[in-house]
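Step one of this worksheet: look at the structure below.
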Amino acid sequence: MKYISLLGATGSIGRQTLDVIRQHPTEFRLVSMSFGRNVKEGLKAIEEFQPSYVAVQNKEVFDQIRPVVPSNITLNYGPEALIEAAAFEKATILVNAVIGSVGLLPTLQAIKEKKDIAIANKETLVTAGHIVTAAAKENNVNLIPVDSEHSAIFQALQGERHKNIERLIVTASGGSFRDKTRDELKDVTVKQALNHPNWSMGAKITIDSATMMNKGLEVIEAHWLFDLPYDKIDVLLHKESIIHSMVEFHDGSVMAQLGTPDMRVPIQYALTYPDRLPLNTERLNLAKLGQLHFKEADLKRFRCLHFAYESGKIGGTMPTVLNAANEVAVQAFLTDAISFLTIEDLIEEALSKHNVIHNPSLDDIIQVDAETRKYVQSLIS
Ligand code: NDP
Ligand code: MG
């Protein structure tokens, strides 16, 4: 039996994680969870899974639900509660599915308390990858990817030796605007951007997919998870999202992981690793698909991908700035405060103003993250 703590239970990954738990009641038990402000979904999950600990984002939500949550369930709110939920005593594994760098401190605390980590929350690895991976090593805990590309690479690497890797090939659907030219991106709306062709995901990552920042964040995530330099991590456009990523070895052999696009597969694998369990997912039928398409990723067309490679190569606090600027800019776009292409301009501006700190401490990262948010916000308002 695995005892699970789930951060972000009401989100896209969170709800799919609950579905995996629901399908295997003798294997998994939800002991702790968090959600933000979605009271309806949050209460539904509490009622069904009866966790021992629940963290919510703020006091308003806490006051609203305390009267209806059974008194044997500990309920708390705010950033400290998120950390407590992550590192909840009875949990053996944390599924981190919150959005944004708010996931960093809870992850670090759970690692300290020797929980394995199933990491969907890529912003945590982008903003402080060296700290998180070092802590995982030091505490001897597994850091298992949930992101489909990284799960694919992780699966392709089972039984392989790190020294034999030639390069990683991270596939990208291209997002909602993959067939548009830069000129055609000028007037796109939030609604159009939220219409992803292959995946149904939370709003922030769907916009990140449209700007290709998602792939940029994933390149940095891959750098930390698989301990490889950026010139060994390539991005390949593959519009069907069937090959979830690949590893090329020195002998020219390429290992790929395939499947229909369903995030429950990598979520469940992170929970069962190194074992597997059945799952009621749509099976891959290659004969029916007929063909798959591939195209080089153009860094001039996808400026955010270029920014991510550059920030990753510079290292230090540069990826922290990239991530924080992106979080603020995407939020502004989602609320119609800026246009789609302004997302890129704001990120570029924040990166160009930053004096990088090499080998930053956790405090440096927290400070740079806060300063960047404030700076980008000041450019918007
Ligand atoms: P969603 O926006 O759907 O869900 C985010 C979750 O985090 C919700 O439960 C939300 O609560 C909660 N939350 C948001 N802000 C805060 C906060 N400040 N404090 C506490 N909780 C908060 O996101 P996704 O599920 O799409 O993505 C989650 C993570 O997984 C991201 O890092 C994303 O990049 C990654 N990922 C997602 C994929 C997908 O298919 N969705 C695929 C691969 C990676 P509430 O809604 O109740 O306010
Ligand atoms: Mg992904």
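Just so you know, ligand 1 is whichever comes first in the structure, and atom 1 is the first atom listed for that ligand.
- Taking any N or O of Leu82, backbone or side chain, none lies under 3.5 Å from an N or O belonging to ligand 1.
- Geometry about the Mg ion (ligand 2) gives an angle of 100° between OE1 of Glu149 and OD1 of Asp147, rounded in steps of 10 degrees.
- When each atom of ligand 1 is checked for a heavy atom of Gly8 under 4.0 Å away, the hits are 6 (C), 7 (O), 9 (O).
- A salt bridge links Arg303 to Asp345: one of the charged nitrogens lies within less than 4.0 Å of a carboxylate oxygen.
- Considering backbone and side-chain N/O of Ser148, none are found under 3.5 Å from N/O of ligand 1.
- Using the six-membered ring where Trp is involved, Phe226 and His150 have ring planes that are parallel, under 30° apart on the 30 and 60° scheme.
- Closest to atom 35 (C) of ligand 1, if we only count protein heavy atoms, is Ala120 O, 3.1 Å.
- Within the structure, the closest approach of Met263 to ligand 1 falls below 4.0 Å when heavy atoms are considered.
- Between Asn38 and ligand 1, at least one pair of N/O atoms sits closer than 3.5 Å.
- The protein heavy atom nearest to atom 7 (O) of ligand 1 is Val98 CA, 3.6 Å.
- A salt bridge links Asp369 to Arg373: one of the charged nitrogens lies within less than 4.0 Å of a carboxylate oxygen.
- Between Phe294 and His238, the ring planes lie parallel to each other; the angle is under 30°, not in the 30° to 60° tilted range.
- Residue Glu123 has at least one heavy-atom neighbour below 4.0 Å for each of these atoms of ligand 1: 31 (C), 32 (O), 34 (O).
- Using a 4.0 Å cut-off between a side-chain N of Lys or Arg and a carboxylate O of Asp or Glu, Lys215 and Glu149 qualify as a salt bridge.
- Of the charged side-chain nitrogens involved, none lies within less than 4.0 Å of a carboxylate oxygen, so that Lys44 and Glu47 do not count as a salt-bridged pair.
- Ionic pairing of Arg66 and Asp63 is not present here: no N-O contact between side-chain nitrogen and carboxylate oxygen is shorter than 4.0 angstrom.
- Between Phe154 and Tyr269, the two ring planes are perpendicular [angle over 60°; tilted spans 30° to 60°].
- Counting protein heavy atoms only, atom 9 (O) of ligand 1 is closest to Thr10 OG1, 2.7 Å.
- Near Gly11, meaning under 4.0 Å from one of its heavy atoms, ligand 1 places the atoms 1 (P), 3 (O), 4 (O), 8 (C), 9 (O), 25 (O).
- With respect to atom 14 (C) of ligand 1, the closest heavy atom belonging to the protein is Ile99 CG2, 3.5 Å.
- Closest protein heavy atom to atom 25 (O) of ligand 1: Ile13 N, 2.9 Å.
- The heavy atom nearest to atom 17 (C) of ligand 1, out of those in Met33, Arg264, Gln57, is found in Gln57.
- Taking the six-membered ring where the residue is Trp, His223 and Tyr230 present parallel rings, their angle staying beneath 30° rather than reaching 60°.
- With ligand atoms numbered from 1 in the order given, ligand 1 contributes 32 (O) to contacts under 4.0 Å with heavy atoms of Asn121.
- Among the candidates Ile165, Ile169, Val170, the single residue satisfying the side chain to side chain contact (heavy atoms under 4.5 Å, CB included) test with Arg167 is Ile169.
- Between the side chain of Arg178 and the main chain of Ser173, a donor-acceptor pair closer than 3.5 Å is present.
- Salt-bridge annotation for Lys122 and Glu218: present, with a side-chain N of the basic residue lying under 4.0 Å from a carboxylate O of the acidic one.
- Around atom 6 (C) of ligand 1, the closest heavy atom drawn from Ser151, Gly36, Ala97, Gly42 belongs to Ala97.
- With a 4.0 Å heavy-atom cut-off, ligand 1 is reached by no atom of Lys204.
- Among all protein heavy atoms, the one lying closest to atom 26 (O) of ligand 1 is Gly202 N, 2.9 Å.
- Of the inter-residue distances, the one linking Leu82 atom CG with Thr107 atom OG1 reads 8.5 Å to the nearest 0.5 angstrom.
- Residue Ile205 touches ligand 1 through its side chain alone, judged by heavy-atom distances below 4.0 Å.
- Considering just the N/O/S atoms of Glu218, the one nearest the Mg ion (ligand 2) carries the name OE2.
- Judged purely by atom type and a 3.5 angstrom limit, Ser101 has no side-chain atom pairing as donor or acceptor with the backbone of Glu123.
- Protein heavy atom closest to atom 3 (O) of ligand 1, with residue, atom name and distance, is Ser12 N, 2.9 Å.
- For ligand 1, none of its N or O atoms has an N or O atom of Asp147 under 3.5 Å away.
- Here the protein heavy atom with the shortest distance to atom 40 (O) of ligand 1 is Met201 CG, 3.2 Å.
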